[in-house]
Amino acid sequence: MHQKKTMYALIDCNNFYASCERAFNPSLIGKPIVVLSNNDGCVVARSNESKALGIGMGQPIFQVMDIVKQHDVKVFSSNYVLYGDMSHRVMRTLSRFAPDIEIYSIDEAFLNFSGFQGSSLELHAKHMRQSVFRNTGIPVSVGIAATKTLAKIGNRIAKKQNQWGGVRLLDTPEAIALSLEQTPIGDVWGIGRKYSYRLEQQGVKTAADFVRKPDDWVHKTMTINGLRTKWELQGRPCIALEDVLPAKKTICTSRSFHSPIEQIEGLKEMVSEFAARCALKLRQQKTSCAIISVFVRTNPFSKTDKQYRNSAYVTLPTPSNDTMTLVKQANRALEHIFQPGFRYKKTGVIVGSIVPNDFIQTSLFETPDLSKTKSLMAALDKCNAKYGRSAVRTAVQSGTIRKLTHKKKLTPCYTTRWDDLMEVRC
DNA sequence: TCTGGGGTCCTAGGACCC
DNA sequence: TCTGGGGTCCTAGGACCC
């Protein structure tokens, strides 16, 4: 029987956050745009025009203010409600073009493109690309190959080299070899800053140099992950499509503050809010946690502040996703590590030892009324979904994280009526 | 003055058990 | 008066991703 070769497509939205802003404001087309992180601190997205001006990814905005002023760069605070909604629309369109989809991040997805061949594969991808643009106004690039790592490489080339019309298919040894020569080692999926520095010291400048290194050397210097990356570059699939979203093993909610917090009361407000959001995320994936961990830290960039960082955790006798329980225990952990006399810049709550709700064994020493808290939480989620994320909350929650974060250049949420920026009383 | 947030996986080393 | 060796679990640290 003829076995068709597995092919993966990687679809990546071009300059996603910048493209979202542009989709609702056509006057921005052709202009340099940047989108900032929380607190308007760092650049987290740039349009091509901004990249060309030399504005770096992750660069603090104050470092590039000269460029911004000189070239009239349009600056936006990040609007995650808008981007999340646009992402849904893109993914919905993509899922019509293949049987299996793995939503890899807010702006990327892998599709199973097996069953097409050669030019029909390319046509299918081009058709898909046009559909996404027509439906959402977001331009995307597509890379297609026999492994996910090669599909990533194809995608990068589709984005950089205009002659491919936004779709690069790597299905011949010649096309693969050429693309490996054209890919700097640091641009390979799975090879980050540390490894690429070390590899470059060894004369490995490109993906092509990398695949020439012996397996045992790669394994020794870069663990099994590095070896998998090498094999994937050689066309041997080691990373499967994960079309079923696995439940998260840890969940973290944290923020930096625009201005530091010195009193424990202020930190308690934030920690309570974060614990409540972790509880909600747990309920959404139908799980509970047994460990609640809280961390605090001062501003590591400050040359004058005394530095302090610490974390503590509480173990629950029975796993829970109950807001009251998590808020209470998170505050207990905070009390353990809080030290007066510091200017705290960031705090967060991490929940771990996550188990599916059906697997919870109740502790011998405690008989919580599970059904009661369950229906209370269900009612709470329903109310918050209807009236805004923090409409109903525990007494100590701050209600809106925005109070202590900072967004000056926010555009409207064009696509959603209720969002987390709204404060509504219930 | 101003520096994001949320995840995963692998390995080494120590504790502990038989 | 000799001081093994293998397995498992946990944790911290380091690497990576977007």
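This structure is a prediction, so every number in the text was calculated from the model and none was measured. First the proteins, then the strands, lettered A, B, ... as listed; each starts at 1.
The side-chain hydrogen bond (donor to acceptor under 3.5 Å, both in side chains) search around A:Asp171 returns none, not counting sequence neighbours. For A:Tyr8, the ring-ring contact (aromatic ring centres under 6.0 Å, His included) criterion is met by no residue, not counting sequence neighbours. Residues meeting the side-chain hydrogen bond (donor to acceptor under 3.5 Å, both in side chains) test with A:Glu122, sequence neighbours left out: none. For A:Lys346, there are no side-chain hydrogen bond (donor to acceptor under 3.5 Å, both in side chains) partners at least two apart in sequence or on another chain. The side-chain hydrogen bond (donor to acceptor under 3.5 Å, both in side chains) check on A:Asn299 picks up nothing, with sequence neighbours excluded. The ring-ring contact (aromatic ring centres under 6.0 Å, His included) test applied to A:Phe62 returns no partner, not counting sequence neighbours.
Among the heavy atoms of the strands lying under 4.0 Å from A:Ile224 are primed sugar atoms or P, OP1, OP2 only; no base atom is included. As judged by a 4.0 angstrom heavy-atom cut-off over every strand, A:Asp40 is placed among residues making no nucleic acid contact. Using a 4.0 Å heavy-atom distance criterion, A:Ile191 is classed as a sugar-phosphate-only contact. At a threshold of 4.0 angstrom between heavy atoms, the contacts of A:Ser78 with the nucleic acid are absent. Backbone-only contact: A:Ile251 has heavy atoms under 4.0 Å from sugar-phosphate atoms and none from a base. Nucleic acid contact for A:Gln59: none, since no nucleic acid atom lies under 4.0 Å from a heavy atom of the residue. A:Val188 comes within 4.0 angstrom of sugar-phosphate atoms only, judged by non-hydrogen atoms across all strands, and of no base.
Between chain A and DNA chain C, the heavy-atom contact criterion of under 4.0 Å yields a 5' to 3' nucleotide range of C:dA15 to C:dC18.
Note on residues 200-233 of chain A: no pairs pass ring-ring contact (aromatic ring centres under 6.0 Å, His included), not counting sequence neighbours. Residue pairs that meet the salt bridge (Lys or Arg N to Asp or Glu O under 4.0 Å) test with at least one member in residues 301-312 of chain A, sequence neighbours left out, are A:Asp305-A:Arg343.
Contacts of residues 136-149 of chain A with DNA chain C (heavy atom under 4.0 Å): none. Taking a 4.0 Å limit (strictly below) on heavy-atom distances, residues 192-205 of chain A reaches DNA chain C at A:Gly192, A:Arg193, A:Lys194, A:Tyr195, A:Arg198.
For A:Phe295 and A:Tyr344, the gap between ring centers reaches or exceeds 6.0 Å.
Stem regions annotated for DNA chain B: B:5-18 with C:5-18, counting only runs of 3 or more consecutive pairs of Watson-Crick or G-U type with both contacts under 3.5 Å.
Judged purely by distance below 3.5 Å, without hydrogens or angles, the side chains of A:Arg283 and A:Thr323 pair a donor atom with an acceptor atom.
Taking atom C1' on both C:dG4 and B:dC17, the two are 14 Å apart, rounded to the nearest angstrom.
Toward the 5' end of DNA chain B, the nearer of the two residues A:Tyr17 and A:His219, judged by each one's closest nucleotide, is A:Tyr17.
Here A:Arg22 pairs with A:Glu49 in a salt bridge; the nearest charged N to carboxylate O distance falls below 4.0 Å.
Interatomic distance, A:Asp40 CG to A:Ser78 OG, rounded to the nearest 0.5 Å: 7.5 Å.
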